[in-house]
Amino acid sequence: MKTLITGAGGMLAAEVARILEGAVALSKKELDITDEASVKEALKEFSPEIVINCAGYTAVDAAERDTQRAHLANAFGPRNIAKWSNAVKARLIHISTDFVFDGNSAVPYKEDDAANPLSVYGKTKLEGEANIMRSTEDFVIIRTSWLYGRGDCFPKKILALAMEKEELAVVYDQIGSPTYAVDLAQAIRALLGAPAGVYHFSNEGVASRYDFAYATLEEFKKRGREFKLKTLRPVRTVEAAATARRPACSVLDKGKYKQTTGKTIPHWMDALRRYAAGAS
Ligand SMILES: NC(=O)c1ccc[n+]([C@@H]2O[C@H](COP(=O)([O-])OP(=O)(O)OC[C@H]3O[C@@H](n4cnc5c(N)ncnc54)[C@H](OP(=O)(O)O)[C@@H]3O)[C@@H](O)[C@H]2O)c1
């Protein structure tokens, strides 16, 4: 199937391009999704059957200051992509986030639970979803959480800090599910022909940010990595100095994905082992 991937150069786009043979992947330089004329031209010229939008402004804290750029990439860009995907009769697969939720739910979020983003990033991603739904009927929006893989990501930051510092504080009151980009790319492939709508996908299992950091360090220690770090200290969010507010508990319910695709999802610790095996 003729497939166009946006946001090439990003963490997820690289994995999606790797498993979808023959797909054309365009970087921001090659296709800026905020430039409607370029989006129109690219989609008309390439005439894809499927567009996978992996482009986005993903710097959650920076977005609090850089609202206009976040809005352009996360809300206006998806509108352009949806409008012109619809015009050329391409299906749009778009990636969204658990940060559309406020994190106050004690049970995992289903696709139609009420959104209430706490951050500029979450708000702009939610607006992007709404713009897509207004612009095309043939869309699949996949909300995912705590994405990591080859590229800048939480485990990579923890590993780098653990080489530099003797003590590191990580929040233990933010709960979610890590998602390995390799597994999300497989899920995207599994959803290419799914009924239109919103789907949730992450790896199985639940962790705090502290647990995720702890497990990452243990996994790399097992593989011989040495760290300067002596103490990994669990702290509460109020003690950490992040700019953007983040949901306290943003576990996603993946029932719809599993029922639709018939697939099982690897546990996040299994995924982390594969990540460490590839990265160490
Ligand atoms: N990372 C997470 O924890 C996480 C969690 C949930 C959902 N998501 C979503 O998953 C998707 C993929 O995330 P990721 O982690 O792979 O992000 P990423 O590594 O930051 O990649 C995003 C890519 O989009 C590009 N981009 C930014 N603005 C663009 C524009 N106007 N036109 C075209 N390309 C543009 C970026 O280029 P530059 O770097 O040159 O700006 C970058 O290459 C995003 O939609 C994100 O919101 C991510």
Side-chain angles (χ1 to χ4, degrees), residues 4-18 25-39 42-43 51-63 66 68-82 84 92-101 103 109 115 117 119-129 131-132 139-158 174 176-185 187-188 198-203 207 209 212 244 246-247 250-252 268 271 275:
L4 185 73
I5 302 167
T6 62
M11 187 165 64
L12 178 62
E15 297 304 339
V16 176
R18 201 164 282 132
L26 300 179
S27 67
K28 181 162 135 191
K29 246 186 170 170
E30 294 162 318
L31 177 61
D32 182 341
I33 63 166
T34 66
D35 178 349
E36 187 175 355
S38 302
V39 170
L43 292 198
V51 177
I52 305 178
N53 183 33
C54 294
Y57 184 105
T58 58
V60 176
D61 288 315
D66 206 2
Q68 203 184 347
R69 270 183 65 208
H71 183 267
L72 276 172
N74 292 342
F76 186 63
R79 171 242 180 227
N80 293 337
I81 293 279
W84 291 102
L92 173 59
I93 314 285
H94 173 77
I95 315 305
S96 191
T97 172
D98 57 326
F99 280 25
V100 299
F101 296 115
Y109 284 100
S119 60
V120 168
Y121 170 72
K123 283 178 188 149
T124 57
K125 291 295 288 185
L126 184 62
E127 202 179 327
E129 290 186 9
N131 287 344
I132 288 170
F139 68 86
V140 169
I141 293 173
I142 306 169
R143 294 193 189 122
T144 191
S145 59
W146 299 21
L147 191 61
Y148 70 99
R150 278 170 269 218
D152 281 335
C153 58
F154 180 80
K156 191 173 169 189
K157 275 182 210 137
I158 293 293
Q174 285 173 32
S177 304
T179 305
Y180 187 24
V182 169
D183 293 345
L184 177 57
I188 289 172
V198 180
Y199 294 83
H200 286 173
F201 181 86
S202 68
N203 280 115
R209 288 273 177 195
F212 190 23
R246 289 164 167 78
S250 59
V251 179
L252 300 173
W268 69 266
Y275 168 75

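Ligands are counted one by one from 1 in listed order, and the atoms in each one are counted from 1 as well. Worth saying up front: this structure is predicted, and the values here are computed from it rather than measured.
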What is the ring orientation for Tyr148 with Tyr180, classed by angle as parallel under 30°, tilted 30 to 60°, or perpendicular over 60°? parallel
Would you say Thr97 has any N or O atom under 3.5 Å from an N or O of ligand 1, going by distance alone? no
for atom 12 (C) of ligand 1, nearest protein heavy atom and its distance come out as Cys54 O, 3.6 Å
Considering only the protein, which heavy-atom contact is closest to atom 9 (C) of ligand 1, and what is its distance? Ile95 CG2, 3.8 Å
Please confirm whether Ala13 comes within less than 3.5 Å of ligand 1 when only nitrogen or oxygen atoms on both sides are compared. no
Examine Asp98 against ligand 1 and note whether any of their N/O atoms are separated by less than 3.5 Å. no
Atom 1 (N) of ligand 1 - nearest protein heavy atom and its distance: Leu147 CB, 3.7 Å
One finds that the ligand 1 atoms under 4.0 Å from a non-hydrogen atom of Thr144 are 6 (C), 7 (C)
Counting only heavy atoms, tell me which of Gly56, Ser38, Ser27 gets closest to atom 24 (O) of ligand 1. Gly56
Note: Asp32, heavy atoms under 4.0 Å from ligand 1, region reported as both
Looking at atom 23 (C) of ligand 1, what's its closest protein heavy atom, distance included? Gly7 O, 3.7 Å
Checking side-chain polar atoms at under 3.5 Å, does Ser27 have a donor or acceptor matched by the opposite partner on Glu30? yes
Heavy atoms of the protein only: does one fall short of 4.0 Å from atom 39 (O) of ligand 1? no
Judging by distance only, is a nitrogen or oxygen of Leu12 under 3.5 angstrom from one on ligand 1? yes
Just to be sure I read this right, does ligand 1 sit under 4.0 Å from the backbone of Tyr121, its side chain, both, or neither, counting only heavy atoms? side chain
Sidechain N-carboxylate O distance under 4.0 Å for Glu15, Arg150: yes
Sub-3.5 Å N/O-N/O distance, Ser96 and ligand 1: no
